[in-house]
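Keep in mind it's a predicted model, so treat the numbers as computed, not measured. Residue numbers begin at 1 in each chain, while the letters A, B, ... track the order of the sequences.
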Amino acid sequence: MKLSKGFIPTLKEVPTEAVIPSHVLMIRSGMVRQVSAGIYSFLPLGYKVIKKITEIIREEMNAIGGQEFHLPALNPIEIWEETGRVEAFGDTLFHIKNRDYVLAPTHEEIMTFHARGVLKSYKDLPQIWYQIQTKFRNEPRPRSGVIRGRQFLMKDAYTFDVDTDALDISYELHDKAYRKIFDRCGINYFVVGASSGAMGGSKSEEFMVKSDAGEDTVAYCESCGYAANIEVAESVVDGAVRHYESKEVYEIHTPNVKSIDELCEFLKIDEEETAKSRIYIHDGNPVLILMQGNNEVNESKLEGILGGTVRPGHKEELKDITGADAGSIGPVGFKYRILADIKLKDANNLYSGANKNDYHIGGIDLKRDVPSVEYFDLRVIETGEKCARCGNSLEVFKAIELGHIFKLGTKYSESLGANYLDEDGKAHPIVMGSYGIGVERVLACYLEQNYDDNGIIWDNNLAPYQFHLMGLNMKVDEIIDACGKIYNDLTAKGFEVLFDDRNNVQAGFKFNDADLLGMPVQIIVGGKGLKENSVEVKVRRTGERMKVSLDNLYEELEKLV
RNA sequence: CGGGGCGUAGCGUAGUCCGGUUAGCGCGCCUGCUUUGGGAGCAGGAGGUCGCAGGUUCGAAUCCUGCCGCCCCGACCA
């Protein structure tokens, strides 16, 4: 592609709407332009990368026996009503105004529709069906460029099996295929066991990339690979020390002391000696949650223990429930259910609220003074705590979900009546799996991990072009001729070459554009070098430059890609 | 949906508090000449309903009201 004729609108300045590196780079390099919130056009350069990514996905999906479909984005609403997902998706589902259609946010329904009545025998199974197409979701808040959009490309695959053992095989195939896909894309990722949410079903794994732009928080152990969503992550922590002797309970006047920090400061004690109380409402009943010091309550864990949902008590309710306002609440004398974090197990000589404003009490012995207390793992874990599996240090950080694989089970086959007959002629619902990859997210995550101050750094697998050829002064015949020959030769050899043949921009301009666009290898043709029958070759990632004779240029270049 | 910020030429912005020339600057764009290995120089030029709609005023980018859009934090996230 000759830059003088191509549409690759690079930008020197950083657009105000872009905040994260991948978004900035996509706009500056002319890969995408925003049309509306969460809606992007891919320009030729960006679309070229998208095609590289989808081709890698295609190859790996086909390698495990996947068959590619092309499905409609417009779906009759009835089929979504059959699975109850019009309600489940709620406002996230786009509805067409002048006909009873919805814009598909995913394709379980349509794939199952095609399986129903066609996959009739156990002999027809297993099947792996996939598609790489645009999905539509009315996100309340699109963000981070293409990472969360209202319209986005997704590879989604569905497997159809006779039973859960067979599903295990399909699931494992996808697990391996996903690792190959992300490895080939050059992405540094990790795998997290997760809850499958509204998709329904049992086991699932998320393929994640560490990033501040991420929307999930995960705990990760570098040494053993343990990774878990913060909602369920566990760690090994030292319990509170139980002193040999329990003091008597005594009341302390603590005017204006509300927080644990203020309490520690006021009494000159350690955080570990205090217990913080939080009131939650579960099924209309108050529950007191007791945490050590400033440890945060993990509401997901709490909901898992209590069943159903919880909400923090409103400020106004607290006094009726406890007799005190927030800041003076404690477990002693509390009339309802009390749960305490496992870290506080059998602790004594604790300080906590007195359920009387401006008073705390000391000398609390949970065994003696709060006999009804129940202990559970209730903490939000933090960086530096010990891995529950190997004991090394855990890191807690934000991450982007790149892909997700689920064991769906029979939710959709049952609601849509997709059954097969077994060897005995008995009907069973087909056992399904569902496997997604956010295609734009692969691109965004790659960029988040591969750039420097000057711009993008492509690896060969995703690079839109392998070579970036620059003629420094395209008004000099020798340079024009040399560049033309190199361009034609490399193109004939099957390489993709971006040729900066512009005759109206300065050399410096070309260098900077080349670094911004980030092709793996730059070939710089200038007057000085040509006099010595040579050109300069620069490796984008390392910045290494070498003078290469025209006589062995192609051999040298082929070594680099 | 709650909180915060922003909207002035293709891009980035000044001016807005405290109303008053022809709305300024940089980049980009067009013409000509020069320049050509790290975002060129000189000269000339085009490009704006100051997000939209009302209102106040002799006069509004600037003040008031309503709406729209975009970004960030939170909620939500299949």
- Message: Is the distance from the ring center of A/W458 to that of A/Y465 below 6.0 Å?
- Response: no

For [X], report the nucleic acid contact type (base, sugar-phosphate, nothing); a contact means any heavy atom under 4.0 Å.
| X | answer |
| --- | --- |
| A/D515 | base |
| A/R28 | base |
| A/N503 | nothing |
| A/E139 | base |
| A/F152 | base |
| A/S144 | sugar-phosphate |

- Is NZ or CZ of A/K407 both nearer than 6.0 Å to the six-membered ring centre of A/Y171 and within 45° of the ring axis? yes

- Query: Is the NZ or CZ atom of A/K210 positioned over A/F397's six-membered ring, under 6.0 angstrom from the centre and within 45° of the axis?
  - Reply: yes

Quote, to the nearest angstrom, the [atom1] distance that separates [N] from [M].
| N | M | atom1 | answer |
| --- | --- | --- | --- |
| B/rG39 | B/rG26 | C1' | 13 Å |
| B/rC30 | B/rU21 | C1' | 29 Å |
| B/rU62 | B/rG7 | P | 12 Å |
| B/rA23 | B/rG48 | C1' | 9 Å |
| B/rC67 | B/rG4 | P | 16 Å |
| B/rC17 | B/rA60 | C1' | 15 Å |
| B/rC42 | B/rC27 | P | 10 Å |

- Item | Carboxylate-amine/guanidinium proximity below 4.0 Å for A/K547 and A/E532 | yes

- Message: Salt bridge check, A/R148 against A/E215: does any charged N sit closer than 4.0 Å to a carboxylate O?
- Response: yes

Looking at [options], which one has an atom nearest to any side-chain atom of [X]?
| X | options | result |
| --- | --- | --- |
| A/R143 | B/rU36, B/rC76, B/rG37 | B/rC76 |
| A/D513 | B/rC77, B/rG37, B/rG39 | B/rG39 |
| A/L472 | B/rC70, B/rG37, B/rG39 | B/rG37 |

In this structure, how many angstroms lie between the [atom2] atom of [N] and the [atom1] atom of [X], rounded?
| X | N | atom1 | atom2 | result |
| --- | --- | --- | --- | --- |
| A/E87 | B/rC76 | CD | P | 18 Å |
| A/D216 | B/rG74 | CG | P | 12 Å |
| A/E299 | B/rG74 | CD | P | 15 Å |
| A/K135 | B/rC77 | NZ | C1' | 17 Å |
| A/K398 | B/rC72 | NZ | C1' | 13 Å |
| A/R441 | B/rC77 | CZ | P | 14 Å |
| A/K510 | B/rA40 | NZ | C1' | 14 Å |
| A/Q506 | B/rU34 | CD | P | 14 Å |

- Query: Taking a pair as Watson-Crick (N1 to N3 plus N6-O4 or O6-N4) or G-U wobble (N1-O2 and O6-N3), both under 3.5 Å, which stems of 3 or more consecutive pairs involve RNA chain B?
  - Reply: B:1-7 with B:68-74, B:10-13 with B:24-27, B:29-34 with B:40-45, B:51-55 with B:63-67

- Message: Could you measure the distance from the SG atom of A/C445 to the CE atom of A/M208? Nearest 0.5 Å is fine.
- Response: 9.5 Å

- Query: Between CZ of A/F182 and CZ of A/F207, what distance do you get to the nearest 0.5 Å?
  - Reply: 6.5 Å

- Message: Does A/N294 have more than 12 heavy atoms from other residues, nucleotides or ligands lying within 6.0 Å of its CG?
- Response: yes

- Task: Could you check A/M474 against A/A37 and say which one's nearest nucleotide on RNA chain B is further toward the 5' end?
- Result: A/M474

- Contacts of A/A507 and A/Y40 projected onto RNA chain B by closest heavy atom; the upstream (5') one is A/A507

- Is there a donor N/O on one and an acceptor N/O on the other, under 3.5 Å, for the side chain of A/R148 and the base of B/rC77? yes

- Item | Presence of donor-acceptor pair under 3.5 Å, side chain of A/K475 and base of B/rU35 | yes

- Describe, in one word, how the ring planes of A/F69 and A/H114 are oriented to each other, choosing from parallel (under 30°), tilted (30 to 60°) and perpendicular (over 60°). tilted

- Task: Please work out which of the three classes, parallel, tilted or perpendicular, describes the rings of A/H23 and A/Y40, given edges at 30° and 60°.
- Result: perpendicular

- Would you mind reporting whether A/E299 and A/Y280 have side-chain heavy atoms less than 4.5 Å apart? yes

- Query: Would a 4.5 Å heavy-atom cut-off, applied to side chains only, mark A/L93 and A/N138 as touching?
  - Reply: no

Nucleotides 3-11 of chain B: which of its N/O atoms have a protein N/O under 3.5 Å away?
unit_1: B/rC11; atom_1: O2; unit_2: A/E13; atom_2: OE1; d: 3.3

- Query: Does B/rA75 have OP1 or OP2 sitting under 4.0 Å from an N or O in the side chain of A/R141?
  - Reply: no

